[in-house]
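Worth saying up front: this structure is predicted, and the values here are computed from it rather than measured. Chain naming here is simple, since letters A, B, ... match the order of the sequence lines and numbering starts at 1 in each.
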4 protein chains.
Amino acid sequence: MSNEISHRKRPKGSEEKRSAILDAAVTVFSRKGFANARIEDIARQAGIGKGTVYLYFPDKESLFKSLVASAVEPILEHADRFLSEEDTSPRETMTTVYDMIDTHILQSEKRHIIRLMITEMSYFPDIAAYYHTNIVSRGLDLLRKLLIRADARGELRSQHALKVPQMVFAPVVMSVIWNALFARFESIDTHAAFQFYLDSLFQSADGA
Amino acid sequence: MSNEISHRKRPKGSEEKRSAILDAAVTVFSRKGFANARIEDIARQAGIGKGTVYLYFPDKESLFKSLVASAVEPILEHADRFLSEEDTSPRETMTTVYDMIDTHILQSEKRHIIRLMITEMSYFPDIAAYYHTNIVSRGLDLLRKLLIRADARGELRSQHALKVPQMVFAPVVMSVIWNALFARFESIDTHAAFQFYLDSLFQSADGA
Amino acid sequence: MSNEISHRKRPKGSEEKRSAILDAAVTVFSRKGFANARIEDIARQAGIGKGTVYLYFPDKESLFKSLVASAVEPILEHADRFLSEEDTSPRETMTTVYDMIDTHILQSEKRHIIRLMITEMSYFPDIAAYYHTNIVSRGLDLLRKLLIRADARGELRSQHALKVPQMVFAPVVMSVIWNALFARFESIDTHAAFQFYLDSLFQSADGA
Amino acid sequence: MSNEISHRKRPKGSEEKRSAILDAAVTVFSRKGFANARIEDIARQAGIGKGTVYLYFPDKESLFKSLVASAVEPILEHADRFLSEEDTSPRETMTTVYDMIDTHILQSEKRHIIRLMITEMSYFPDIAAYYHTNIVSRGLDLLRKLLIRADARGELRSQHALKVPQMVFAPVVMSVIWNALFARFESIDTHAAFQFYLDSLFQSADGA
DNA sequence: CATGAATGAGGTTTCATTCAT
DNA sequence: GATGAATGAAACCTCATTCAT
């Protein structure tokens with residue numbers, strides 16, 4: 001909706017402008033990567049002047065970090081709520097989580113931000129630290145609990161899953177990376193990946 | 001092993017020096033990423049002068065591409081051979097493949113190169129095209145055959161796997177990325193990931 | 001004179017600055033030649049920063065070409081007008097042309113640019129092609145007509161002149177080159193050269 | 001004979017090699033200009049190693065200067081002899097000189113060196129000084145005497161010629177420069193230029 | 001607030017020159 | 001003597017950032 005190539009008309013309100021810059025940044029960072037993105041391109045894409053970017057973000061790195069934050073924070077709230085639900089079956093919970101991820105990340109412009117996190121975060125150790133502490137490790141804790149609950153109910157197919165809860169994210173990561181590198185040549189069936197994972201993680205309580 | 005009659009005119013220590021530059025390049029590219037790696041740093045790391053790098057590689061991009069090639073090409077030969085074996089059970093074959101990957105990539109310095117491929121390749125579309133054609137799509141073909149054979153033998157656990165053979169690489173990709181971003185904070189149990197995958201893909205022929 | 005509505009978006013002092021850069025470029029290119037002139041020297045000479053040069057000219061070569069164009073284009077307009085005059089005697093016309101060249105080129109800073117054209121143009125084949133097509137061959141055509149008209153009026157001294165109209169430029173070229181190489185040691189009497197040429201080309205109609 | 005593009009077989013004798021380097025230098029300097037000629041190209045063209053050039057010439061500049069010297073010195077000897085002849089008519093003498101120049105310079109590879117002198121000498125003030133003192137001013141003296149002698153015999157057409165003896169070289173300079181810049185597009189009739197000059201300088205003693 | 005002209009640090013690449021073999 | 005691998009100074013050009021308007 002807002003990531004055409006055309007230069008949009010000047011946004012007015014201050015918060016709107018901040019958000020226009022972030023939108024433009026996703027586009028440009030996605031296309032070029034952090035190092036090759038020019039602030040001037042982001043400004044033009046946002047329909048504002050180059051100097052204006054610096055009224056909203058102190059420097060290029062902060063802009064990138066804000067971008068990541070703007071994408072990740074809303075996700076966390078949802079996740080928190082759903083993963084803690086204990087009155088639904090683990091498979092149902094996980095199905096819901098995957099649906100949410102599919103809808104709110106993979107199908108939205110946010111998938112670009114997730115890709116940028118994956119490809120650029122190793123060069124921003126402080127971002128990595130921040131998100132590990134605040135998001136990843138908390139997410140893994142919730143997942144571990146979910147898997148343990150599934151195991152207790154006899155629904156966990158492989159004990160190995162308990163040792164690598166990170167793999168639950170594999171369909172997301174693989175989908176994002178595959179599309180970044182090879183979408184031009186060959187698509188990846190993300191839904192099948194989710195289904196495959198649900199089948200891999202869970203079985204009905206009778207072991208079938 | 002790499003001491004054949006050299007292709008070009010460079011004398012004696014030449015191939016060793018080329019190697020030294022590539023080794024230095026892994027280190028520096030890994031630490032800084034392609035864009036932030038300075039040729040001068042690579043040269044210093046290799047213990048040579050800045051200009052010397054250009055005697056072996058025409059420019060920074062070629063150096064990077066050669067680096068990727070040097071890591072990937074040997075892998076392909078092995079993979080080809082093993083995946084085509086038809087007289088072993090699919091699970092055994094896959095186990096061997098995972099072992100090979102673990103030994104030759106994840107446990108070696110090559111894991112850094114694989115990470116660089118994943119994180120930088122989207123900015124080198126021609127590398128992506130080359131490796132998709134020559135490696136990835138061929139690998140997927142072999143995997144598809146393997147999975148179909150497993151299915152024919154009643155050993156494939158989920159039909160969904162057939163639609164996303166890419167997911168077979170998930171343990172490798174996840175391991176590499178996790179370690180790049182979060183190894184400092186929390187390890188990932190790569191072996192458990194492989195086991196989980198084998199359990200997910202295959203069941204004994206009687207469905208157990 | 002150069003204060004029309006400017007083509008691009010550069011505001012107020014912009015055309016002045018472009019001019020200042022071109023002026024500085026004449027000085028530095030003249031002193032050092034194209035290859036040995038450093039952009040930084042030109043910038044310093046113009047009283048601006050190195051990067052500023054690149055706001056006005058995309059690269060060093062373009063700067064050089066613009067420099068040549070800025071000197072040559074105004075000349076052409078004049079020349080066109082005068083050489084086509086058919087109601088004055090050829091000798092008078094040629095006298096006027098030589099006067100114009102003397103005033104507007106040899107006595108002005110433009111003589112440096114003409115020298116640069118002569119000394120550097122062989123390394124810019126596209127400049128040579130452009131100026132041959134647009135200036136030199138057109139100038140020669142006009143000169144040929146002039147000489148033929150003189151011949152028809154019985155005023156051409158030597159038929160050989162018709163075969164090498166290029167020699168009409170000899171006083172200019174010789175003067176520019178002599179001064180570039182030997183002005184320090186010995187002057188060249190440019191006016192005598194022009195007079196010699198007029199005497200060589202033309203005689204009164206009665207053959208005297 | 002010796003300016004093909006192919007890499008010749010190794011010359012052996014020391015003087016031969018010096019001369020091979022000079023031959024190669026003409027070719028390469030002509031094609032690229034002083035600044036853009038690479039020592040390595042000259043060496044390859046001469047069929048020797050890069051370092052070998054430095055056994056014969058201390059640096060690039062010296063090589064260039066030696067090149068010019070090798071072309072100019074032999075010319076001087078001839079010129080001296082002919083111009084001083086007083087028992088032939090000035091026009092005959094000048095005709096001979098022009099013939100010599102045509103044969104030994106314009107028709108030979110030396111024309112490239114003359115061009116290089118013209119185009120590069122302004123950036124080598126010491127070369128200019130040397131040749132002005134030793135060649136140009138001496139040549140002009142001889143020419144002045146010749147013209148005065150012609151005048152005394154009533155054979156000088158225009159008194160202006162006495163004031164700009166430099167113009168006697170105009171056909172040479174114009175021919176060399178024209179060919180350097182525009183030979184691809186349009187030729188210059190050098191012989192007509194010489195004839196035009198002889199007609200311009202001299203008349204028969206009776207004024208015809 | 002907004003702008004974009006101006007700046008100069010920084011990185012890539014070239015190539016004259018050296019020197020160990 | 002001859003070589004060419006190695007070097008690093010030097011120059012082009014880019015772009016994040018500043019600041020006068």
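Of the candidate nucleotides dA2(E), dA2(F), dT7(E), dT7(E) has the atom lying nearest to any side-chain atom of Ile48(C). If you check dA2(E), dA6(F), dC12(F) against the side chain of Tyr54(C), the one that comes closest is dC12(F).
Every residue two or more places apart in sequence or in another chain that forms a side chain to side chain contact (heavy atoms under 4.5 Å, CB included) with Asp59(C) is listed here: Glu61(C), Ser62(C). The side chain to side chain contact (heavy atoms under 4.5 Å, CB included) check on Ile118(C) picks up Ile114(C), Val173(C), Val176(C), Ile177(C), Ile177(D), with sequence neighbours excluded. Considering only residues two or more places apart in sequence or on other chains, Thr52(D) meets the side chain to side chain contact (heavy atoms under 4.5 Å, CB included) condition with Lys17(D), Ile48(D), Leu55(D), Tyr56(D).
Distance, Arg18(D) CZ to dA2(F) P: 14 Å, rounded to whole Å. Atom CG of Leu63(C) is separated from atom C1' of dC13(F) by 14 Å (rounded to the nearest Å). Separating the CD atom of Glu16(C) from the P atom of dA6(E) is a distance of 11 Å, rounded to the nearest angstrom. For the pair Arg44(A) CZ and dT3(E) P, the interatomic distance rounds to 13 Å; values are reported in whole Å.
The residue among Asp59(D) and Leu55(A) whose nearest nucleotide of DNA chain E lies closer to the 5′ end is Leu55(A). Comparing Glu61(C) and Val53(B), the nucleotide of DNA chain F nearest to each residue sits closer to the 5' end for Val53(B).
For Tyr56(A) and dC1(E), the shortest distance from a side-chain N or O to OP1 or OP2 is not below 4.0 Å. Close to dT14(F), at under 4.0 Å from its OP1 or OP2, lies no side-chain N or O of Lys50(C). The shortest distance between the side-chain N/O atoms of Thr52(C) and the OP1/OP2 oxygens of dA5(E) is not below 4.0 Å.
Here side-chain hydrogen bond (donor to acceptor under 3.5 Å, both in side chains) pairs that include residues 113-131 of chain A, with residues two or more places apart or in two chains, are Lys65(A)-Asp126(A), Glu120(A)-Tyr123(B), Tyr123(A)-Glu120(B).
Put simply, the side chain of Phe124(B) does not reach to within 4.5 Å of the side chain of Val68(B), judged on heavy atoms. Proximity of Met117(A) to Val72(A): side-chain heavy atoms (C-beta onward) are separated by under 4.5 Å at one or more points. Leu63(C) has its side chain within reach of Leu22(C): a pair of non-hydrogen atoms, C-beta onward, lies under 4.5 Å apart.
Direction of the helix axis in the helix from dA2(E)-dT21(F) to dT21(E)-dA2(F) shifts by 10° between the two five-pair termini, rounded to 10°.
One distance of note links CD1 of Ile21(B) with CG of Leu67(B); it measures 11.5 Å at 0.5 Å rounding.
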Please report, to 0.1 Å, the donor-acceptor pairs under 3.5 Å made by any side chain of residues 31-38 of chain B, with sequence neighbours excluded.
unit_1, atom_1, unit_2, atom_2, d
Arg38(B), NH1, Asp41(B), OD1, 2.6
Arg38(B), NH1, Asp41(B), OD2, 2.8

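Residue contacts for Lys60(A): at a heavy-atom cut-off of 4.0 Å it reaches the sugar-phosphate backbone alone, with no base atom in range.
Remark: Ala37(B), Arg38(B), Ile39(B) in residues 25-43 of chain B come within less than 4.0 Å of DNA chain E through at least one heavy atom.
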